[in-house]
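Note sheet for the following structure.
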Amino acid sequence: MAHNTTASRVKRFLGIRPEDELHDADFYDDGLYLESEPSAKEALAHLVPTADGIKHYFRELFPFWGWIFHYNLTWLLGDLIAGITVGFVVVPQGMAYAGLANLPPEFGLYTSFVGFFLYWAFATSKDITIGTVAVMSTIVGNIILDIRATQPELEAEVIARALALISGVILLFIGLTRLGFIVEFIPLTAIGAFMTGSAISIAAGQVPTMMGISTVKTREETYKVIINTLKHLGDTRLDAAMGLSALFGLYFIRWFCGFMGQRSPTRSKMWFFISTLRMAFIVILYILVSWLVNRGVSDAKNAKFKILGNVPSGFQHVGAPEINTEILSAIAPHLPVTVIVLLIEHIAISKSFGRVNNYMINPSQELVAIGFSNVFGPFLGGYPATGSFSRTAIKAKAGVRTPLAGIFTAVIVLLALYALTSVFFYIPSASLAAIIIHAVGDLITPPREVYKYWQTSPLEVVIFFAGVFVSIFTSIENGIYVTIAASGAVLLWRIAKSPGSFLGRVQLQHASRDSILKKENVDQSALDGEKHSAYLDLGRRDQSNPQVPITSPYPGVFIYRFNEGLNYVNCARHLDKMTVYIYKHTRRTQLNKYDKIGDRPWNDPGPRRGQVVDTEEIASKPKLKAIILDFSAVNAIDVTAAQALVDLRTQFNKYTDPEVVEWYFAGVTNRWTKRALVAAGFGVDRGHGVERAGGAREDVVAVAGVDPDVTVGRKEKERGSGDVDLEAGHAGSGEKRDEIAPVSSGESRPSGKRLAPIYGVNRPYFHIDVETAVASVVRNLERRRDTEDSSLEVF
């Protein structure tokens, strides 16, 4: 009964009837366990930061605090070797990738230094390396060309540094607010298509440089670059000797070291390090060759083939990046693709290596790491940096132990900046192009992986090739947008068209596989265990054996499973399917409800004039008695889905008038879902034990044996339900969880224990599984039938 309070008066004023609300304590006073509904106050309290939560947040911001005090000499040796190894790779790569960004080579070294120097303090991955990467450098180069086409007064380095700073701030915000889960919306096929299309585009753009062809515009669409390169092969210069031989040398060294490593497993580590240093070997070799050929040349333009030229020593571009409204308006349209590429490359690589090396990464914290790197990098001259796949693989195989290895790589880059810049003058540009082509080759998704995509999800292979083709025929940016948009559309399509299935019962027992393979007739009494029920798709879309009969649990009782959730997008599809199927397999309670043709509704006009209805066939169908909804795959429902269930209940009640359809729910584990269903009028006995529908109810509940001394609180909030995760739908870590096996009503209780219900007795229509729900339905229907038979005997 509603209490006469100010809240009740306000509700009445708004048209809300307080007397319709459930007050369980007014009806259940036997001390049994009752479920309490979650409240908005409870959810808001969960969102308020606590002292422990704030401490945990700051501990997550600086994860090195958990391992730095355990640092030892063994870790130091592993980090030193890995850091130096990566350092010899990143120096030539950094200078080469700076060319892709249309920047002088020293900017690649600046960017790499900052990434290695800062990342370790915020890292949750020991393997990842932040610095210049081919794809991001290409994107930056395209952005610079695009902006300078309309605003030539803006220098390339100004654009690149401003782009790094703003994108770093965006990533830092996403990471600090712990929104890193958004990266999960980018699927593997989209990443694979993006990387493959980018690799092909980058490699195609470097071929003219490697061949010494200067008449090809390498920033055009990839297919045009390929065609124009083939047209101008006759313009090949001496650079081709430096480029092609370098490319051949890189692949030969990798193949030879791999071959020798397999042939001599005991020396595989040595051959691995030799293979890893192949880029450094090639650079040193061709610097020597170039110096011998171009001795006495002081101006790079006078060299016999194109060389890198002067590289200034030290940090020559220290200072705050230039930011104004003109620059911001220029880079704003390019921020989405920049942020997406930074996200994709870094998170995909770090998660992959985390799984391989048995540790977990925190996506939000990783965004904090690359955010800080890109915020502080521009102050030393850096442009946008993210995780590198090739260097991360080298670092992992080199035996890295902690993220601190990045410091040793930063030292190598620093030495290169201050001690080796005069040597870099002679590096052939064609050899750097060969290094880029060799590096991006590993980014192309191999055919065996594409075949796995096909075996897993053919539709996603179409998305994969669409992304690759769009990248080749338009731009890398368009390829990213197409794959992400197409993947999102497929996700929405699958949600909207999510399948549901009607279930039937199968009696199961256990048998050895050998007895089945021998095709022997086995005595069922000799099988292991007692018979138990399982519920399978009546349409056999689950590939169950058609020889095994699937039966209805009870005439007029239907079990429906939502296989992928229930929400406003797919509820109409599910409920329409239920309506058509149930109408087809049942009959109205009143066969002759409409005496006159004019009384029939337009959507159920009956047979045409002169046609005879087979009343015997209709009468043989069962009446609709009850519906069991399997919510084991449903985490939450929205207002639209709840209202759709209410409308369907009203429709079925008219169909079965004067009887009422009973609704049962199995596997509802989210407290907020229960609250929504209860608010819609489901799941509870509004009569509170009063006789209804032909007799008193006797519901079946799942119980478990508990110690007699254990006190079971009446309300869930009395046992710590305040710690609730609204999104996950279960109690927090502070609640003690015990795994208990359900005991069906009527079975002997364990010795010395009493039986306690697993779910609250105030929610009799919510059951732990389908089997318990079926048992409750059958018991109540049989009790109703016995009551009706007794009434007939009296008359």
Side-chain angles (χ1 to χ4, degrees), residues 35 37-38 40 43 181 184-185 488-504 535-539 541-542 553 557-585 624-653 655 661-684 724-730 759-760 763-774 776-777:
E35 293 184 32
E37 291 184 357
F181 66 89
E184 307 299 340
F185 286 96
V490 170
L491 177 63
L492 292 176
W493 175 268
R494 286 174 174 170
I495 293 174
K497 300 295 183 180
S498 62
S501 53
F502 283 92
L503 307 181
Y535 293 86
L536 304 179
D537 184 0
L538 287 171
R541 288 180 295 271
D542 56 358
V557 176
F558 296 87
I559 307 171
Y560 188 81
R561 173 182 292 159
F562 301 99
N563 293 324
E564 293 186 19
L566 178 65
N567 49 62
Y568 72 94
V569 179
N570 59 30
C571 63
R573 174 181 172 86
H574 281 297
L575 303 190
D576 288 348
K577 179 178 180 179
M578 290 174 60
T579 303
V580 171
Y581 184 88
I582 289 175
Y583 279 5
K584 181 179 179 180
H585 293 85
L624 177 59
K625 300 291 185 181
I627 295 174
I628 300 172
L629 298 181
D630 184 357
F631 264 51
S632 57
V634 179
N635 180 56
I637 63 171
D638 48 48
V639 174
T640 305
Q643 184 59 45
L645 287 174
V646 171
D647 295 340
L648 186 64
R649 178 181 59 189
T650 302
Q651 181 181 353
F652 282 159
N653 284 342
Y655 181 70
V661 180
E662 300 283 2
W663 292 75
Y664 294 77
F665 297 84
V668 183
T669 56
N670 190 321
R671 296 176 63 220
W672 290 88
T673 302
K674 285 186 178 181
R675 167 177 159 149
L677 292 171
V678 170
F682 296 99
V684 295
V724 171
D725 186 343
L726 175 61
E727 187 175 23
H730 53 67
Y759 287 161
R763 302 289 184 263
Y765 292 92
F766 292 134
H767 296 278
I768 192 169
D769 55 17
V770 174
E771 177 63 16
T772 309
V774 169
S776 184
V777 170

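Worth knowing before you read on, the calculation uses all heavy atoms, side chains too, and leaves out hydrogens, waters and symmetry mates. Along the sequence shown, residues carry numbers from 1.
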#### Entry: Separation between CZ of F766 and OG1 of T673, rounded to the nearest 0.5 Å
9.0 Å
### Task
Apply side-chain contact (heavy atoms from CB on, under 4.5 Å) to the pair N670 and F631, showing each step before the final yes or no.
CA-CA 10 Å; N670 190 321; F631 264 51; over 6 Å; no
### Query
Is L677 close to V684 at the side-chain level, that is, under 4.5 Å between some pair of heavy atoms?
no
### Task
Decide yes or no for I627 and I582: does some side-chain heavy atom of the first lie under 4.5 Å from some side-chain heavy atom of the second?
yes
### Query
Any donor and acceptor pair, going by atom type alone, linking the side chain of K577 with main-chain N or O of G500 inside 3.5 Å?
yes
### Query
Can T579 and F652 be said to form a side-chain contact (heavy atoms from CB on, under 4.5 Å), step by step?
CA-CA 8 Å; T579 303; F652 282 159; 4.2 Å; yes
#### Entry: Y560 atom OH, neighbour heavy-atom count above 12 within 6.0 Å
yes
## Note on the structure
The ring pair (Phe, Tyr, Trp, His ring centres under 6.0 Å) partners of Y581 (sequence neighbours excluded) come to F502, H585
### Message
Nearest 0.5 angstrom please: L536 CG to R541 CZ, how far?
### Response
12.0 Å
### Query
Does any non-hydrogen side-chain atom of K625 lie less than 4.5 Å from one of V661?
no
### Query
Do V569 and L492 have side chains that get closer than 4.5 Å, going by heavy atoms?
no
### Query
CD1/I628 to OH/Y664 distance, rounded to the nearest 0.5 angstrom?
8.0 Å
### Task
Give, for atom CG of L566 and atom CD1 of I495, the distance between the pair rounded to the nearest 0.5 Å.
12.5 Å
### Task
Of all the heavy-atom pairs spanning V777 and A626, show the shortest one and how long it is.
CG1-CB, 3.8 Å
### Query
Can you find a heavy atom in the side chain of E771 that is under 4.5 Å from one in the side chain of Y535?
yes
### Message
With heavy-atom distances below 4.5 Å as the criterion, would you say the side chains of V678 and E37 are in contact?
### Response
yes
### Query
Any side-chain donor-acceptor pair under 3.5 Å between T650 and N653?
no
#### Entry: Approximate separation, where rounding is to 0.5 Å, of I559 CD1 and L538 CG
8.5 Å
### Message
Checking salt bridge (charged side-chain N to carboxylate O under 4.0 Å, His left out) between R561 and each of D630, D542, D537, D769, which is the one that passes?
### Response
D630
#### Entry: Pairing residues for S498 by the side-chain contact (heavy atoms from CB on, under 4.5 Å) criterion, not counting sequence neighbours
E564, N570, H574
### Query
Among side-chain atoms of N567 and D638, is any donor-acceptor pair under 3.5 angstrom?
no
### Query
Do N635 and W672 come within less than 4.5 Å of each other through their side chains, counting heavy atoms only?
no
### Message
Under a 3.5 Å distance rule, please check whether R649 uses its side chain to pair with a backbone N or O of G681 as donor and acceptor.
### Response
yes
### Non-hydrogen side-chain atoms of R573 and K497 separated by less than 4.5 Å
yes
### Residue pair D647, Q651: steps toward the side-chain hydrogen bond (donor to acceptor under 3.5 Å, both in side chains) verdict
CA-CA 6 Å; D647 295 340; Q651 181 181 353; over 6 Å; no
### Query
About how many Å separate SG of C571 and CG of D576, when rounded to the nearest 0.5 Å?
9.0 Å
### Full working for side-chain contact (heavy atoms from CB on, under 4.5 Å) between Y759 and K674
CA-CA 12 Å; Y759 287 161; K674 285 186 178 181; 4.0 Å; yes
### Task
Taking the six-membered ring for Trp and the full ring for Phe, Tyr or His, determine whether the centres of F682 and Y765 are under 6.0 Å apart.
no
